[in-house]
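These notes concern the structure reproduced below.
Heads up: numbering here begins at 1 and tracks the sequence.
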Amino acid sequence: MRQRALLACLAVAAVLALPATAHAVTNPQIPGLQVALKSRGFYAGPIDGIAGPMTASGVRRFQRHVGIVVDGVAGPITRGRLGRLGHPLFGKRHLIVSGNVGWDVSVGLVGPQTLTTFGVRRAVPQPTHSTTRRSGKGVRALLTYWAHYYGLSPSLVKALAWQESGFQQDVRSSVGARGVMQVKRQTWSYVEMVLLGHKVRHGKDGNIHVGVAYLRQLLHEFHFNVRLAVGAYNQGPTGVRAHGLYPKTRKFVANVLALRRRFS
């Protein structure tokens, strides 16, 4: 029994492919989906955590093959048809031991501990404590608090927040970015699961916390090149690495840097 479990675990590892280049993890659950699809022969791309066209196409082809609604979404029915690699979702099982097989094990194989091995950007260790005290619940006070907590320039954090939302928590963009820091759902999931390792309560404080933690990660990834990190916050790190800053992104960055001087 133990030998069969070991072979099953090795089978999961065998379908993992090394991506040719570094990519952003857009959703920590996606590697589990890619592994499950690859094991069934419906995905030939890298296990990179990116919910791109290849992954979506694989989902649709699998759904068509098993005779369920073809919507390109890996919902409960689709995951159920993927068998034991289709569940449980990463984070649902509190203890994973040797011999376990499943979606969460697949994600764990490309999780925070092994991101570098698979060419995926590595999470920067989080602060273990802070002597910073909260001075209020207003947006400016929270921006200052989380900037100090993560060792970032408050003027840079405020400039980014102003450019993104004008300090407004109720702003929602056309692509689904929300709040003061204009955080998208997949970015929120990435910060919770990969950077912080715990859930963050939605709201003004949580939005600023997640946004600043993500900015800190980008600054480390781009070797503290503020221009590239701010550009990656807006354009996405994968796009910046592949194409540099788009003209629209360059304008965004210029505005943030100008605002930074005003908030100094």
Side-chain angles (χ1 to χ4, degrees), residues 23-30 33-34 48-60 69-75 78 121 138-140 142-143 146-147 156-196 199-219 221-222 226-260 262-263:
H23 294 289
V25 176
T26 59
N27 186 327
Q29 300 290 355
I30 297 301
L33 172 60
Q34 291 172 332
D48 55 9
I50 297 175
M54 290 185 66
T55 305
S57 175
V59 172
R60 289 192 294 270
V69 176
V70 179
D71 58 7
V73 178
T78 300
R121 57 199 174 98
V139 170
R140 289 174 181 266
L142 290 172
L143 290 167
W146 287 113
L156 175 61
V157 170
K158 290 176 183 176
L160 179 60
W162 182 264
Q163 180 64 24
E164 287 283 8
S165 70
F167 291 173
Q168 300 300 308
Q169 174 61 17
D170 58 354
V171 173
R172 180 176 181 178
S173 75
S174 60
V175 296
R178 298 171 179 264
V180 175
M181 300 300 290
Q182 288 293 279
V183 180
K184 289 191 282 189
R185 181 172 56 84
Q186 58 265 39
T187 301
W188 193 293
S189 295
Y190 167 71
V191 171
E192 284 184 329
M193 292 187 175
V194 178
L195 299 189
L196 303 181
K199 292 287 187 180
V200 178
R201 185 175 180 178
H202 285 265
K204 181 171 58 181
D205 181 63
N207 185 276
I208 293 172
H209 181 185
V210 168
V212 177
Y214 184 53
L215 175 61
R216 175 176 179 265
Q217 171 72 17
L218 293 174
L219 283 165
E221 286 184 32
F222 287 95
V226 174
R227 185 171 175 271
L228 292 181
V230 171
Y233 192 99
N234 178 257
Q235 181 179 313
T238 303
V240 171
R241 290 193 184 94
H243 309 292
L245 301 181
Y246 298 138
K248 183 178 180 180
T249 307
R250 289 198 291 269
K251 292 180 181 179
F252 177 91
V253 172
N255 288 340
V256 171
L257 296 182
L259 288 165
R260 181 184 185 181
R262 290 175 54 184
F263 284 112

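- Pairing each heavy atom of Val256 with each of Leu160, the nearest pair is CG1-N, 4.0 Å.
- The closest donor-acceptor contact from the side chain of Gln182 to the backbone of Gly179 lies under 3.5 Å.
- For the atom pair Leu218 CG and Tyr233 OH, the distance stands at 8.5 Å (nearest 0.5 Å).
- The main-chain N or O of Val253 is never found under 3.5 Å from a side-chain atom of Asn234 such that the two would form a donor-acceptor pair.
- Closest of all the heavy-atom pairs between Leu196 and Ala213 is CD2-CB, 4.5 Å.
- Gln34 CD to Gln29 CD: the interatomic distance, rounded to the nearest 0.5 Å, is 12.0 Å.
- Phe222 does not carry Arg227 over the face of its six-membered ring by the limits of under 6.0 Å from the centre and within 45° of the normal.
- The distance from atom NZ of Lys158 to atom CZ of Arg262, rounded to the nearest 0.5 Å, is 13.0 Å.
- Looking only at side-chain heavy atoms (C-beta outward), Val191 and Val200 stay at 4.5 Å or farther from each other.
- Across Ala159 and Arg260, no two heavy atoms sit closer than the pair CB-N, 3.4 Å.
- Minimum interatomic distance between Gln235 and Leu245 (heavy atoms only, all atoms of both residues): OE1-CA, 3.6 Å.
- Residue Ile208 holds its CD1 atom at 11.5 Å from CZ of Arg140, rounded to the nearest 0.5 Å.
- Across Val183 and Val210, no two heavy atoms sit closer than the pair CG1-CG1, 3.8 Å.
- Counting heavy atoms from C-beta outward, Val157 and Phe263 have side chains that stay 4.5 Å or more apart.
- Ring planes of Trp162 and Phe167: perpendicular class, angle over 60° (limits at 30 and 60°).
- Between the side chains of Asn207 and Trp188, no donor N or O sits under 3.5 Å from an acceptor N or O.
- The two atoms that bring Ala161 and Met181 nearest to each other are CB-SD, 3.6 Å, heavy atoms only.
- Residue Glu192 holds its CD atom at 10.0 Å from NE2 of His209, rounded to the nearest 0.5 Å.
- Partners of Lys184 according to the salt bridge (charged side-chain N to carboxylate O under 4.0 Å, His left out) rule, which considers only residues two or more places apart in sequence or in another chain, do not exist here.
- One distance of note links CG of Leu257 with CZ of Phe252; it measures 10.0 Å at 0.5 Å rounding.
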